[in-house]
Each structure stands twice: as structure tokens, then as C-alpha cells.
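Note that ligands are numbered from 1 as they come in the structure, with each ligand's atoms numbered from 1 the same way. Computed from a prediction, not measured in an experiment: that's the story for all the values here.
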Amino acid sequence: MKAEIIPFHTPGHKLGSGVFSSLKETFGDTLFRLDSSDEVMDFERNNSFELVLSEAEKLAAELFGANDTLFLVNGTTSGIHSMLKPLQGKIIVPRFSHVSVYTGLTFAAVEPIFMPTEFDLTWMIPKPPTVEEFNRLILAKNLSTNENKKETISTILTYPTYYGQIPNLKQISNLTIFNNGLILVDEAHGGHFHFSKLLPESAIALGADFVAQSTHKYLGSLTQTSMLHCNNKDWTPAVRKTLQHIQTTSPSLIFLAILDETRRQLAIHGNSLVEKAIELAESARARLEKIPGVEVLHREAQHDPTKLVISMKKVGLRGFELEDLLRKQYGIQVEMSDYFSIVALITIGDSEQSIDRLLFAIKDIANKYRTQNEVCLDILTYPEISPGVMTLREAFYAETELVALTECQNRVSAGYLIPYPPGVPLVIPGEIITSDVIEWLHVAIKYGCEIRGFSEGKIAVIKDI
Ligand SMILES: Cc1ncc(COP(=O)(O)O)c(C=O)c1O
């Protein structure tokens, strides 16, 4: 029989006895009893938190087909930071990358070379980069494809995008320019790929060196819990060491246990759960396509069917308006909305009932709005990447001031200006705020798009430059 242990250690709530009653009422006893410390002695395992964790991580690596897997308690963001920080040389960064890529680059030694994003103008959504775009950039930036020159060039790819589209990872990673560098993948939205042949192959299966994956986004674990899959033995020690530097020294045992149990359940049921979600999504798509005035991003352009990209622009509704209607009048919250469309995610948590609710709402809205005229946009081409005069890191440490939008032309931005969604930055720290950028800001604001980067209605710029 196990003796009861009296806690004289952190966390200070002492396994629940010091927890405020309002918290206990909301979250229950169990949560706090499980919230122990990683220093606590486990007699059966000889006190090795590290041993238990590495056993759990090994099982995850086995499941996902990686050499090593690291559990993340600070989201995919910490995985992305860990894989970027140790890099040397240059890295090609498609502009349609998540902000965690930019924040990771701010404190990394590697030099980013940004690749412009092309948009699908019918849907006004950013497209994943193609091999041809990579080749164009390599020529334009005079990057050497000559192996003897040994310049280290890596890349980081988002796989898939929020819209369920993927770059051709295999072809891109085969470009000779990457022979000395690493292929890093942000698979925040693609954890389910591993579990069905009906989905694209996972980035690890396609040979990526490091893949950060948000277990919490698609695979049923708790927010903040993610995994970093490592397939490059030479670089894994540096990436692991970086993670130890940036992640908390007091990881939540609840988070880690949830990751482990999620892994166990997925090993048993992952395939059937993910295929059920695909089936639900495909049936929803077929029903949506039959509703007059409703368009769904065509299947050939979309590699992940579980992200339903729905537009009702033909009946005069922008994505932002549709999202608002669904939330306020039908009690439905979608993942995001943009100029023309909404994105509804179908995951292992969905059922016939949740799909029916969505379908009912869309049908009802289509009926009510069918007499409205189609909506369009004033300008469609995204501004060119602005000239950069400082690195992300220099801009981070520079002195800044806030100025009004009317006064920021030709100033150097100290922050990000990102119409969100779809999340392609107009400028990043260190780049010049051009008149094209300002024009786009006005368009985005006019159509109700949230702009990330304003502070008290003003824009942060570098002082005295
Ligand atoms: C494409 C993409 N990459 C990375 C992240 C960061 O993931 P996490 O929230 O797990 O830190 C997100 C989060 O929204 C994302 O959408």
C-alpha cells in the first residue's frame, strides 16, 4: 500500500488544500491533486521525472514516425523558436508565416530572406509558395545553388495553411540550395495528417528536419500543449538545448500527462477519429455546395478537407459579416473570417449534430440575403515587401514612438502591421511604411478587417531615423 505523502513543496496550493474555494468549485478537486511538482519522488521510478518524460516522448516519436519528439508546454510557438534559434546562415521565409516565426527570428542569428506571398484573387486568400517562386527568389537574391560554396540556406514552411492548402514540401526540400540547410515545418494546423491516407502525408513522413505541431489545435489536447518532432540527429541536441533555455523550468504535469494520454488514445483510435472528421467534412461540403449563393473552396485547391472555407460573397456578405451573424444569431463560432470567406474547422470533436447546426444556419442566411448584390474589393494586389533598413533584432532594441496613421509614411516601423486574417504582414519591424502599405491599411480597415499592430490607435515607429 502507498503511504500518503504530505506536501511541503511547490506548488503552494499543496495539491488543492490551499486553493480558493471559487477555483475549486469551478475546476474540481482532481485538477489540483494532479498539479504536482516535477521534483516529487516517485518510488516506483526512482524519482526520475526526466526518465518518465523521455519514455512518453519516445512513444510519441514512435507514433509520429520521428527520431525524437519533445513535448512542448508553451505551444508550437516554443517549438518554432527552438528550431530557429540555433540556425546559421540564411533562411528563406515565406511572408505568410505565423508571427511566432518572426518573433523567433528576432532572437536568432540566422538571416531571413523573405518571400512575397501570392494571393488567390477570387478568394483573396494567400497561397502556399511554389517551387517556381522559390526558384525566382533564389535568382532574384542571387543565392548560390552551388554545393561547393557551402552557404547554409534553410527554409521554414507552413504546412498546411489556415485554409488547408499545402506547399509541395517534397519538391521544395529537393532544391539543391537546401543541401546544407534545414527544412523546418510549422505544422500547427496539420497534426491530424499522420492519421489518414485521405490527407496529405505528414511533414515528418516527407523528410522534414524539424516539425512543430499544435496537438491542441486538432488532436484533442489542452491549449498550450504541442509537440516538436525531430528528424535530424546532428541538430537535435542544439534544438533540445534551446528548448531548455526558453521553456519554463516548472512544466505543468497536467499538460504533460494530457499530451501522453492524447498520444495513447491517438495510437489506438487516431485513424478512425480522424477519418470520421473527414467524412463529416466531406458531407458538409457536399451539402453546402448545393445551397444557392454559397461557395466552398474547390476541392482541387484544398488539400485538407477538414477546413471548410465558405464564401457567401455572392449574396453580399463578407466573411467578417458572416462570422458575426453566425455568432450573434445562430450561436456558432468559426475559426476565422476574412474579406470573402469564413473558415469552419471540422475536427475529432465534431458530430452530425454540430454539422447540422452549421448547415441550418448557412442555409437560413442564404435564404434571407439572397437578393443582395455580390461584394468585391477595391484593390486586389498585395503591396510588395517594403525595403528593410534594420534587422528584426535591431528594431526590437531601438527607441520607438507612436505616430498617427496620417504621419507614418516613410517612417521605419517598430512593430508588425498585420491585417488579420489572413495574417500576411504588411510590414515587420525595421521595414519602411510605404504609401502602398498605408493604402492597404485603409482598404483593410474599410472592410472591417482587424489590424494587428496598432497601439492606442497609433503606429509604433523607430525614433530619430
Ligand atoms: C500557423 C500557425 N503557426 C504557429 C502557431 C503557434 O501555435 P501555438 O498557439 O501552439 O503556440 C499558430 C497559432 O495560432 C498558427 O496558426
Among side-chain atoms of T76 and S226, is any donor-acceptor pair under 3.5 angstrom?
-> yes

Verify whether the ring centers belonging to F119 and W440 lie closer than 6.0 Å.
-> no

Quick one: nearest non-hydrogen protein atom to atom 15 (C) of ligand 1, plus distance?
-> H98 CD2, 3.3 Å

A188: numbered ligand 1 atoms lying under 4.0 Å from its heavy atoms = 2 (C), 3 (N), 4 (C), 15 (C)

Ligand 1 atoms nearer than 4.0 angstrom to some heavy atom of G75 are 10 (O), 11 (O)

Do me a favour and list the nearest non-hydrogen protein atom to atom 7 (O) of ligand 1 with residue, atom name and distance?
-> T76 CB, 3.4 Å

Looking just at side-chain N and O atoms, do S341 and S311 make a donor-acceptor pair shorter than 3.5 Å?
-> no

D186 versus H98, side-chain donor and acceptor atoms under 3.5 Å = no

Ligand 1 atoms nearer than 4.0 angstrom to some heavy atom of S100 are 4 (C)

Who's the nearest protein heavy-atom neighbour of atom 14 (O) of ligand 1, and how far?
-> K217 NZ, 2.9 Å

Donor-acceptor side-chain pairing of Y163 and D338 below 3.5 angstrom | yes

Could you tell me if any non-hydrogen atom of Q224 lies under 4.0 Å from any atom of ligand 1?
-> no

Could you tell me the residue and atom name of the protein heavy atom closest to atom 16 (O) of ligand 1, and the distance to it rounded to 0.1 Å?
-> H189 NE2, 2.7 Å

Nitrogen or oxygen atoms of N74 and ligand 1 under 3.5 Å apart = no

Which ligand 1 atoms are under 4.0 Å away from a heavy-atom of S226?
-> 10 (O)

Please work out whether the ring planes of F96 and Y162 are parallel, tilted or perpendicular, with thresholds of 30° and 60°.
-> tilted

Any N or O of S214 closer than 3.5 Å to N or O of ligand 1 | yes

Atoms in ligand 1 flagged as close to H216, the criterion being non-hydrogen separation under 4.0 Å | 8 (P), 9 (O), 10 (O)

Straight-line distance of T391 OG1 to F396 CZ, nearest 0.5 Å = 11.5 Å

Check step by step if side chain to side chain donor-acceptor pair (under 3.5 Å) holds for E133 and T130.
-> CA-CA 5 Å; E133 285 170 63; T130 60; 3.2 Å; yes

Which of the numbered atoms in ligand 1 are below 4.0 angstrom from a heavy atom of Y162?
-> 16 (O)

Identity and distance of the protein heavy atom lying nearest atom 11 (O) of ligand 1 | T77 OG1, 2.6 Å

Got an N/O contact under 3.5 Å between D186 and ligand 1?
-> yes

Return yes if a side-chain donor-acceptor contact under 3.5 Å exists between H229 and T69, otherwise no.
-> yes

Do R240 and D68 come within less than 4.5 Å of each other through their side chains, counting heavy atoms only?
-> yes

